[in-house]
*Asks:* 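My questions all concern the structure below.
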There are 2 protein chains.
Amino acid sequence: MVQSIHRAFDLLTALAVEPAGLTELARRTDLPKSTAARLLATLQDLDAVERADESGLYRLGAAFNALAGSSSRTDLASLAVPHLHNLTNQTSETSGISIPDGYRVHYLIQVDSDNPIQIRDWSGELIPMHAVPDGQIYMSEWPDERLERYFSLDPVSFTAATITTEHAMRDRMDLFRERGYTWVMEEFVEGLNSVAAPVKNDAGKVIAAIHVYGPAYRFPIDGTQSTIGEQVVKAADRLARSIVRAGVTR
Amino acid sequence: MVQSIHRAFDLLTALAVEPAGLTELARRTDLPKSTAARLLATLQDLDAVERADESGLYRLGAAFNALAGSSSRTDLASLAVPHLHNLTNQTSETSGISIPDGYRVHYLIQVDSDNPIQIRDWSGELIPMHAVPDGQIYMSEWPDERLERYFSLDPVSFTAATITTEHAMRDRMDLFRERGYTWVMEEFVEGLNSVAAPVKNDAGKVIAAIHVYGPAYRFPIDGTQSTIGEQVVKAADRLARSIVRAGVTR
DNA sequence: AAACCTGTTCCACGATGTGGAACAGAACGT
DNA sequence: ACGTTCTGTTCCACATCGTGGAACAGGTTT
C-alpha cells in the first residue's frame, strides 16, 4: 500500500467535512505540518484542492466533479449495455444511450447490430439537441424561456428536414408527449432515421434517453413505427428500474 | 511535489476516459506494471477505483461521487452566503439554504441574525420533507406516485399543526405554486415559523431552497407575510443568477 | 504445443517522502 | 508598545517507503 496516497485521501476526506487551514488539517489527520503542506501542495497542483486567497483556507477542488461525472456516466453506460443489446436484438438495428449536456446531447455508448450495413459510432460525441430525438425529448422538459433562447441562436440546418423553428419543435414535442417516444426522419443526417424514449429517475426527471437508429432505406419498415417506438419505451423503463435498484444517482 | 500522488491521479484520469486492465493502464500512464498495480491496489482500498469481477477491468470508484457532492455543496454554500447575509439584514431573522436529499431536506448553512433570541443551527442536518417549507417546495415537483408513496409511510407529526396527509399537502402546494414561496407555521417545531422559496438552475429545475425562520412570537410581524415571502423569492432568484455565472453545476 | 499476453508477487535498492527545526509574519493579550 | 502565541513556509539530514525488474502462474491465441 502506498502511504502517501492514503494520507492524501485522509486530507481530502477531512476537507469534505469543511474547509480548513494547514494547521487544522494537520491536526485532523495526525500529520506533521510539513508533511501536510507538501501533500496539499501536490493536491493543489492537481486541482484536487484549492486555496481561498484571503483566508488561506483549503477546500476541495474541481477535479472531483470531473471524475464523479465520468464515474456516473460509466455507471449508467454499464447498466444500459444489456438493455441496449436486447433492443438491438429486437429491432436488428443499432441502439445507444445519451445524456443531456447543456444544449447538446452527449452520446455515451452504442451497441451495433449484426447487419453489415452499419451506422457510424457517435459515442463520446456532443450533438445539438434539436437535430436528434434524444435532444427533442430533453428539450420538451425545458421552461419556455430556455426553448426560446435556444431557437434564437439559429440552430444548424443539418438537412432539408431539420427542425429549426420553435413552433415546429413545439408540435414535435406535443407528438412526443402523446406517444412517449419520438421519431426523427433524416433531420440530422441524410439517409438516417432514429427513434428515442426517455429514461426517468425516481423523481420523474429525464436523466437519459435511449434510441435506435438505422439507414432510412430499411428503417423503419413500413407500418412498424409505433411497434418499434413501444419497444424503445419498454427498454427505457426497464433501464430506469435497473438504475433505481443499482442506486446510481444522477 | 509528491510523485506517487501525481501518478495516482494519472491513473484516475486514464480511467476517466474508459475502464481498462492493468497492462493497458500501465501503458497509458507510462508506468511499470508493478508500480501501476501497487498504486491501483491503494486506490481500490480507498474506493477511488473498483475492479469488475469477471473482466478484471478497473473503473472509477464511488469515492468521487462523495467528494464531488461535498465539493459542490461547499460551492453552493459559499455562493449563498452573501445572499443569506442580505436576507438576514432585511428580515432581521435567521436565513439558510438547503438541498433535497431523497425524502429529506439537507440544511447546508445558515446565517444568524443579531437578535439575542436565536434559532438553533440545523446546518448539516437532514429533516423530513413534509415538516419544513423547503421540503414542501421540493415535493411540489414530484410525480404523483412519489408523493403517494411518501405519505403511505406515515410521516411524523412533529406538532399538532404538522401536515401528514397527501390531500392537505396538495392544498399547500397549490398555494406555493400561486405565490412562489411557502410558509410553515409551527409545523416542525412549536414556536417556530419559516418561509422558503426555490432556487432554480438554468433548466428550471429546483436545485435548492432558501428560507428565513424565526420565533413565532415575533415572526412574521402581522401583515408582512407576503412582503417577506417576496424578499425570499428575490434573494433566491439573485442566488440562481450567481450560480449560473459561477458555473456551479447541480 | 508453442508463443504471447496479463496479472501477481517478491525483494534489492536508492530516490523520494519524512518530519523536526528554524524562521517570518500575523494575531492576540496585557 | 511589547511579549506571547499561532500559522504557514522552507530547509535538509535521514531512512523509510516507493520503485521497477524479474520471475512466475495461468489464460488466450496462433
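Chain naming here is simple, since letters A, B, ... match the order of the sequence lines and numbering starts at 1 in each.
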*Asks:* May I have the distance from A:His6 (atom NE2) to D:dC17 (atom P), rounded to whole angstrom?
*Replies:* 13 Å
*Asks:* Phosphate oxygens OP1/OP2 of C:dT18: is one of them under 4.0 Å from a side-chain N or O of A:Gln3?
*Replies:*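 For A:Gln3, the contact criterion (side-chain N or O under 4.0 Å from OP1 or OP2 of C:dT18) is met.
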*Asks:* Answer yes or no: is there an ion pair linking B:Asp10 with B:Arg28, defined by an N-O contact shorter than 4.0 Å?
*Replies:*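 Answer for the salt bridge query: no.
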*Asks:* Using OP1 and OP2 only, check whether a side-chain N or O of A:Thr23 sits under 4.0 Å from D:dG8.
*Replies:* yes
*Asks:* To the nearest 0.5 Å, what is the distance between CD1 on B:Ile243 and NE2 on B:His83?
*Replies:* 8.0 Å
*Asks:* Is atom CD1 of B:Ile221 surrounded by more than 12 heavy atoms (other residues, nucleotides or ligands) closer than 6.0 Å?
*Replies:* no
*Asks:* Within the structure shown, what part of the strands sits under 4.0 Å from A:Ser4 by heavy-atom distance: base, sugar-phosphate, or nothing?
*Replies:* sugar-phosphate
*Asks:* In whole angstroms, how far is the P atom of D:dT19 from the CG atom of B:Asp30?
*Replies:* 14 Å
*Asks:* Under 4.5 Å between any side-chain heavy atoms of B:Arg73 and B:Ser70, yes or no?
*Replies:*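 Side-chain contact under 4.5 Å: yes.
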*Asks:* What is the distance, rounded to the nearest whole Å, between atom NZ of B:Lys33 and atom P of D:dT19?
*Replies:* 17 Å
*Asks:* Look at the rings of A:Phe188 and A:Trp122 and say which category their plane angle falls in: under 30° parallel, 30 to 60° tilted, over 60° perpendicular.
*Replies:*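 Because their plane-to-plane angle lies in the 30° to 60° range, the rings of A:Phe188 and A:Trp122 count as tilted.
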*Asks:* Mind calculating the distance between CZ (B:Arg38) and C1' (D:dG20) to the nearest angstrom?
*Replies:* 8 Å
*Asks:* What is the separation between atom CG on B:Leu11 and atom P on D:dT19, rounded to the nearest whole Å?
*Replies:* 11 Å
*Asks:* Nearest to the side chain of B:Leu22 - C:dG7, D:dT19, C:dT9?
*Replies:* C:dG7
*Asks:* For A:Leu57 and A:Met1, find the nucleotide of DNA chain D closest to each by heavy atoms; which residue's nucleotide sits nearer the 5' end?
*Replies:* A:Leu57
*Asks:* Can you figure out which of C:dG7, D:dT7, D:dT19 approaches the side chain of B:Arg51 most closely?
*Replies:*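 Given the options C:dG7, D:dT7, D:dT19, the side chain of B:Arg51 is closest to C:dG7.
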*Asks:* With nearest nucleotides of DNA chain D determined for A:Gly56 and A:Ile5 from heavy-atom distances, which residue corresponds to the more 5′ nucleotide?
*Replies:*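 On the 5' side of the pair lies A:Gly56.
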*Asks:* Measure from CD on A:Glu24 to C1' on D:dC6 and round the result to the nearest Å.
*Replies:* 13 Å
*Asks:* Measure CG/B:Leu25 against P/C:dT8 and give the value in whole Å, please.
*Replies:*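 After rounding, the reported distance stands at 12 Å.
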*Asks:* Distance check: side-chain N/O of A:Arg27 vs OP1/OP2 of D:dT7, anything under 4.0 Å?
*Replies:* yes
*Asks:* As a test of reading the structure: which of C:dT8, D:dT7, C:dT18 is closest to the side chain of B:Tyr58, going by heavy atoms?
*Replies:* C:dT8
*Asks:* Quickly work out the A:Leu31 CG to D:dC17 P distance and round it to whole Å.
*Replies:* 13 Å
*Asks:* What about A:Ser34: does its side chain form a donor-acceptor pair under 3.5 Å with the base of C:dG20?
*Replies:*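 A donor-acceptor contact between them is present.
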